[in-house]
Amino acid sequence: MTSLQADVLVIGGGATGAGVVWDCALRGFDAILVDRADLAEGTSGRFHGLLHSGGRYVVKDPVAADECVVENAILRRIIPDCIEDTGGLFVVTPDDDPAYGDQFLAAARKASMPTEEISVGEALKREPRLNPGIKRAFTVEDGSIDAWKTVSALARGATEHGARVLTYHKVIDLHANGEGVTGARVRNELTGEELDIEAGFTLNASGAWAAQIVHMAGIKGVGVIPGKGIMIAMNHRLVNTVVNRCTMPADGDILVPIRTVSVIGTTDIRAADPDEIPVTQEEVDQMLDDGERLVPGFREARAMRVWAGVRPLFQDEKASEKAEDTRDVSRTHAVVDHSERDGVDRFLTMSGGKLTTYRMMAQDIVDAMCKQLGDERPCTTDTVHPPDNEDAPLYTLGSRLRRREANMQDEQLICECELIGRGKLEETMRRRGTTNLDDVRRSLRLGMGPCQGGFCIYRATGILHAVDRLDGAEASESLRGFLQERWKGMWPILYGDQLRQARLDDWIFQGLLDVEHVP
Ligand SMILES: Cc1cc2nc3c(=O)[nH]c(=O)nc-3n(C[C@H](O)[C@H](O)[C@H](O)COP(=O)(O)OP(=O)(O)OC[C@H]3O[C@@H](n4cnc5c(N)ncnc54)[C@H](O)[C@@H]3O)c2cc1C
């Protein structure tokens, strides 16, 4: 059996794990990151897209709000290419109590969170589609953040500093001896091959799956309450500013403009299993109604896709306080020290947190590891830029066209919705060395526009066939896999224009190409 050695094994390739491996690599540790799937295929690739200003937590969870205020400013500096400065508004809708606005202002001042009350007229001038019945409005420094770009930049930066990133490698067991955890056995999910990783330290950044990893070390009494939330992407930007309801955190109270779409979310309900998070019709209806409260006519706009994610809300039986409602669990993070808690050395788990605070979370867990090792090395992730972010301005809607239009005239345009030319597509397919069109989607946003792959994905399949020399059967399998994935996010919201689009896609793929039966 193959065996690899490293100073540090990082489990989980979401924002937290990618932040951790980048931090380790910058501190000169030889690190390996493993994920059971592609990078950011867990919660990080299924979140709401909001770079929090802190406003959402400022009244109820001031510690979480403070962390957001600090990290929001750092991330804008460090990963500008991943962030759009949309700004944010907190608005008191006709259903909300205007007095909450005073609590909000007072808490924001206490947290040094920049905010200002503006007139309703000014808010409507900025966002003409907003509910004209709003009673108060406050500005905040919300933004939107692209998780796939963030995670891929961090992982790429780490590999440039010597780290190894193994996607589709699932941890199936932890190795432990009397001195603690010494690494893990992982299985390559594409080939079935198993390999051992011997590591001086193991950092568990597997989010909502963290308890499963902890149990592999024989540790009991640790659980994660998967807090399920659904989100719906509308096919264009109904607003250009993040719009939040100015009330205690509730369902469907934030609308985030991200890239070419706007995303309404989210719910927060306890799920039994992080891998079983189906979207129900009631949740979709509720979300559309909630959108209507912020932007009248919301239901008539075109809903493009729905998905669900799971919050990693950690629950420790040894902790004194336990929350019954997932919304009452603090959004702050904590490093679980298994040496102190369970007498298992060289093993730490990250619990809780948000994508906005991934950098701080990574710093905290790597600092804790250094402390245990007695090898204090300073963290530099608040000053060093990962690739593509050095000297870059903050992302704007036109950034992609500006970057690509120089060679667009000689290029075949493959995905019109997301401006992906053939050259970029081929380069990404080669670089990623993947035969999975869904991996390419996460790298380039292939097939993520209104047609949901209807016009681009058969072209991309042909190109994948040529580039990777997949035989016909493998290429067809890859195409079917992609269509299946897209369908999952479309069927619960099939009405209006998106239903028409789905019928057209169906005619193309079933009626014209007969994809189910192509060999
Ligand atoms: C509905 C919803 C909306 C949200 N919106 C926002 C928002 O707008 N802004 C914000 O800042 N935060 C938001 N969050 C929170 C944020 O998305 C998460 O806190 C963050 O993405 C968690 O990142 P992570 O890396 O810890 O976990 P994940 O991204 O889930 O990464 C964990 C990884 O571990 C891997 N893994 C699991 N088991 C194994 C194994 N056995 N072996 C190897 N790998 C394994 C998984 O494949 C996964 O990739 C939202 C969360 C939800 C659920």
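Just so you know, residue 1 is the first one in the sequence shown, and it goes up from there. Note that ligands are numbered from 1 as they come in the structure, with each ligand's atoms numbered from 1 the same way.
- For ligand 1, the polar-atom distance check against Asp35 finds a nitrogen or oxygen pair separated by under 3.5 Å.
- Between Gly12 and ligand 1, no pair of N/O atoms sits closer than 3.5 Å.
- What sits closest to atom 12 (N) of ligand 1 on the protein, heavy atoms only, is Leu355 N, 3.2 Å.
- In terms of protein heavy-atom proximity, atom 30 (O) of ligand 1 is nearest to Thr43 N, 2.9 Å.
- Taking the ring-ring contact (aromatic ring centres under 6.0 Å, His included) definition, one finds that Tyr168 meets it with nothing, sequence neighbours left out.
- Across the listed options Met216, Met231, His333, Glu41, Met231 owns the non-hydrogen atom lying nearest to atom 1 (C) of ligand 1.
- Looking at Asp142 and Ser53, their side chains do bring a donor and an acceptor atom within 3.5 Å of each other.
- Taking only non-hydrogen atoms, the option from Tyr168, Phe47, Trp209 nearest to atom 13 (C) of ligand 1 is Phe47.
- With respect to the salt-bridge test (charged N to carboxylate O, under 4.0 angstrom), the residues Asp38 and Arg432 qualify.
- Closest to atom 40 (C) of ligand 1 among all protein heavy atoms lies Val171 N, 3.8 Å.
- Contact annotation: Ile213 has at least one heavy atom less than 4.0 Å from an atom of ligand 1.
- A salt bridge links Glu41 and Arg442; the closest N-O separation between the charged side-chain nitrogens and carboxylate oxygens is under 4.0 Å.
- For Gly265, the heavy-atom gap to ligand 1 stays at 4.0 angstrom or more.
- A heavy-atom separation below 4.0 Å is found between Gly49 and ligand 1.
- Ile232 places none of its side-chain heavy atoms less than 4.5 Å from the side chain of Val263.
- Considering backbone and side-chain N/O atoms, Arg36 comes within less than 3.5 Å of an N/O atom of ligand 1.
- Of the polar atoms of Gln212, none of the N or O atoms is found under 3.5 Å from an N or O of ligand 1, judged by distance alone.
- Looking at His52 against ligand 1, only its side chain comes within 4.0 Å, counting heavy atoms.
- Those atoms of ligand 1 that come under 4.0 Å of a heavy atom in Thr16, given as number and element, are 23 (O), 24 (P), 25 (O), 26 (O).
- For the pair Leu50 and ligand 1, the shortest N or O to N or O distance falls below 3.5 Å.
- Counting heavy atoms from C-beta on, the side chains of Val20 and Tyr358 never come closer than 4.5 Å.
- Of the candidates His169, Arg311, Glu71, His48, Arg311 brings a heavy atom nearest to atom 53 (C) of ligand 1.
- A cation-pi arrangement is present between Arg259 and Tyr395, with the terminal nitrogen or guanidinium carbon under 6.0 Å from the aromatic centre and inside a 45° cone about the axis.
- Residue contacts with ligand 1, taken as heavy atom pairs separated by less than 4.0 Å, involve Thr266 solely via side-chain atoms from C-beta onward.
- Between the side chains of His169 and Asp35, no donor N or O sits under 3.5 Å from an acceptor N or O.
- Two residues are said to be in side-chain contact when any heavy atoms from C-beta on lie closer than 4.5 Å; Met113 and Val140 meet this criterion.
- Between the side chains of Asp345 and Ser339, at least one donor N or O sits under 3.5 Å from an acceptor N or O.
- Evaluated by nearest non-hydrogen atom to atom 22 (C) of ligand 1, the leading choice among Ser44, Gly207, Ala40 is Ser44.
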Give the table of side-chain donor-acceptor pairs shorter than 3.5 Å for residues 206-219, with sequence neighbours excluded, one pair per line with atom names and distance.
unit_1	atom_1	unit_2	atom_2	d
Ser206	OG	Asn204	OD1	2.6
Ser206	OG	Ala210	N	3.4
Trp209	NE1	Asp275	OD1	3.3
Trp209	NE1	Asp275	OD2	3.2
His215	ND1	Ala211	O	3.3
His215	NE2	Val222	O	2.9

